[in-house]
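Since the structure is predicted, the reported quantities are computational estimates derived from the model, not experimental observations.
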Amino acid sequence: MTQKIGAVALAAAAAAAALTLSGAAPAQPAGERAAAATIVLVHGAFADGSGWRAVYDDLSARGYRVAIVQNPLTSLSDDVNATVRVIDRQPGPVLLVGHSWGGTVITEAGIHPKVVGLVYVSALAPDAGETTAQQYEGFPAASEFVIDTQADGFGFVNPERFKVGFAADADDADAAFLRDSQVPIDMSVFATRLENAAWRSRPSWAIIARDDRAFGAGMLLHMARRIGAEITEIPGSHAAFLTQPRAVADVIDRAARATARTAAPAAAAGRREQP
């Protein structure tokens, strides 16, 4: 029996040492991440969920359960439904994270009762009754972000302008892969009016990449301020979710901790009220 306990202790020590040597962030205490132990990541247009891999790895190492949505990009309702399916599968509270067009998706899907907070990563944030296209009004055009719309209504980022407009801080190989693995979006989605705006009832955080060329100057900051988000500016292009994963993960972690601190007193009050 003593030998068995000793072996378990040695195994635990070895695992801890391996974690330290790997440089991975340690898992958070369960009490600090109880309110949003699951992070659901929602990609935007022209990309898919694989771009979140480095953020996924970072958050997983910190002890979070992480799930990634694969949006079809065929309509707002299709993308919201895809997101809700993933939320439904989670065992507890969810922090919902959206990049770019994914911001519109989490704004609508975020009214799900499991969602306790929203993180916008260079993301759109319309209000209920508004379209995504309306968010661009009054701001200069993003001249380096060029979309080619096909006869069937689906759009791709122009391949010759892809790196400068979408992923300026990526290396050439990564930018080329992103360019050649684009997922087109039905451009009509930008004219769809939202029925709900989850940021009106959920706390929000906004990550703004300083060199994001997909939006006109001032647009991201305007949206973030309007929704009352806690704003963090980071280096990076529109593809900061891929090129700046640690900075993005840090904000997501901070948001998850904040929702945990907010929810803990409410949960305790609920337990006291039970007969």
Side-chain angles (χ1 to χ4, degrees), residues 40-49 51-52 69-84 87 96-112 115 118-150 152-158 165-166 182-202 204-209 212-229 231 237-241:
V40 173
L41 305 173
V42 183
H43 67 82
F46 317 114
D48 67 15
W52 289 113
V69 176
Q70 294 286 7
N71 285 323
L73 302 179
T74 47
S75 71
L76 175 58
S77 61
D78 287 348
D79 289 355
V80 169
N81 289 339
T83 301
V84 168
I87 296 171
L96 198 53
V97 181
H99 171 253
S100 193
W101 159 253
T104 294
V105 177
I106 70 171
T107 297
E108 186 71 66
I111 63 167
H112 191 290
V115 175
L118 308 166
V119 180
Y120 291 82
V121 183
S122 287
L124 294 148
D127 201 352
E130 292 181 348
T131 67
T132 302
Q134 284 179 270
Q135 311 315 301
Y136 295 82
E137 295 174 359
F139 296 95
S143 59
E144 293 179 302
F145 190 78
V146 180
I147 299 174
D148 296 333
T149 303
Q150 301 185 147
D152 63 358
F154 280 78
F156 291 85
V157 178
N158 180 279
F166 193 99
Q182 287 188 65
V183 182
I185 188 168
D186 187 330
M187 296 299 290
S188 69
V189 303
F190 294 96
T192 303
R193 294 191 182 277
L194 276 71
E195 295 182 7
N196 303 285
W199 52 260
R200 289 192 169 275
S201 58
R202 303 316 193 260
S204 300
W205 289 258
I207 302 170
I208 297 177
D212 191 326
R213 300 175 187 173
F215 298 104
M219 182 176 164
L220 286 171
L221 190 59
H222 169 78
M223 288 187 291
R225 286 173 173 167
R226 184 177 76 151
I227 70 175
I231 300 169
S237 67
H238 190 59
F241 66 99

Taking atom CD of Gln134 as the centre, does the number of heavy atoms from other residues, nucleotides or ligands within less than 6.0 Å exceed 12? yes

Distance-minimising heavy-atom pair for Ala45 and Leu73: CA-CD1, 4.0 Å

Determine whether Thr192 and Thr132 satisfy the following criterion, side-chain contact (heavy atoms from CB on, under 4.5 Å), listing intermediate values before the conclusion. CA-CA 7 Å; Thr192 303; Thr132 302; over 6 Å; no

Are Pro72 and Asp79 close enough that some pair of their side-chain heavy atoms sits under 4.5 Å apart? yes

Is Gln182 reaching over with its side chain to a backbone N or O of Val157, donor-acceptor style, under 3.5 angstrom? yes

On a heavy-atom basis, which atom in Pro126 and which in Ala197 lie closest, and how many Å separate them? O-CB, 4.2 Å

Between Gln70 (side chain only) and Gly49 (backbone N and O only), is there a donor and an acceptor less than 3.5 Å apart? yes

Between atom CD of Glu195 and atom OG of Ser77, what is the distance when rounded to the nearest 0.5 Å? 9.5 Å

Any heavy-atom pair between the side chains of Arg200 and Asp127 that's under 4.5 Å? yes

Aromatic ring centroids of Trp101 and Phe190 under 6.0 Å? yes

What heavy-atom pair brings Ala198 and Ile111 nearest, and what distance separates the two atoms? CB-N, 3.6 Å

Nearest atoms (heavy-atom pairs only) where Ile227 meets Ser204: CD1-CB, 4.0 Å

Step through it carefully: locate the ring centre of Tyr120, locate the ring centre of Trp205, and say whether they are under 6.0 Å apart. no

Assess whether atom CZ of Arg226 is packed by more than 12 heavy atoms of other residues, nucleotides or ligands within 6.0 Å. yes

Verify side-chain hydrogen bond (donor to acceptor under 3.5 Å, both in side chains) between Asp212 and His238, making sure each step is shown before the conclusion. CA-CA 4 Å; Asp212 191 326; His238 190 59; 2.9 Å; yes

If you define the side chain from C-beta out and look only at heavy atoms, does anything of Ile87 sit under 4.5 Å from Leu96? yes

Would you find a donor on one side and an acceptor on the other, under 3.5 Å apart, between the side chain of Arg202 and the backbone of Val115? yes

Taking the side chain as every heavy atom from C-beta outward, state whether Val119 and Ile207 have any atom pair closer than 4.5 Å. yes

With a 4.5 Å limit on heavy-atom distance, are the side chains of Val97 and Trp52 in contact? yes

Under 3.5 Å: donor-acceptor pair, side chain of Asp152, backbone of Phe154: yes

Do Phe215 and Phe139 make a side-chain contact, defined as non-hydrogen atoms from C-beta onward lying under 4.5 Å apart? no

With a 4.5 Å heavy-atom cut-off, do Glu130 and Leu194 have their side chains touching? no

Is a side-chain N or O of His99 found less than 3.5 angstrom from the main chain of Ala47, in a donor-acceptor match? no

Rounded to the nearest 0.5 Å, how far does CG of Asp48 lie from CG of Asn71? 10.0 Å

Check whether Asp186 reaches the backbone of Ser188 with its side chain - one donor and one acceptor, N or O, closer than 3.5 Å. yes

Distance-only, no hydrogens or angles: does the Gln135 side chain make a donor-acceptor pair with backbone N or O of Leu124 under 3.5 Å? no

Under a 4.5 Å cut-off applied to non-hydrogen side-chain atoms, are Phe46 and Ile185 in contact? yes

Judged by atom type as modelled, is there a donor-acceptor pair below 3.5 Å linking the side chain of Asp78 to the main-chain atoms of Thr74? no

Between His43 and Val69, which heavy-atom pair has the shortest distance, and what is it? CD2-O, 3.2 Å

d(Leu76 CG, Thr104 OG1) to nearest 0.5 Å is 7.0 Å

Hey, does the side chain of Ser100 reach the backbone of Gly102 with a donor-acceptor pair shorter than 3.5 angstrom? no

Using 0.5 Å steps for rounding, measure from the CD1 atom of Ile147 to the CG atom of Asn158. 10.5 Å

Give the minimum heavy-atom separation between Ala123 and Gly103, together with the two atoms involved. CB-CA, 3.7 Å

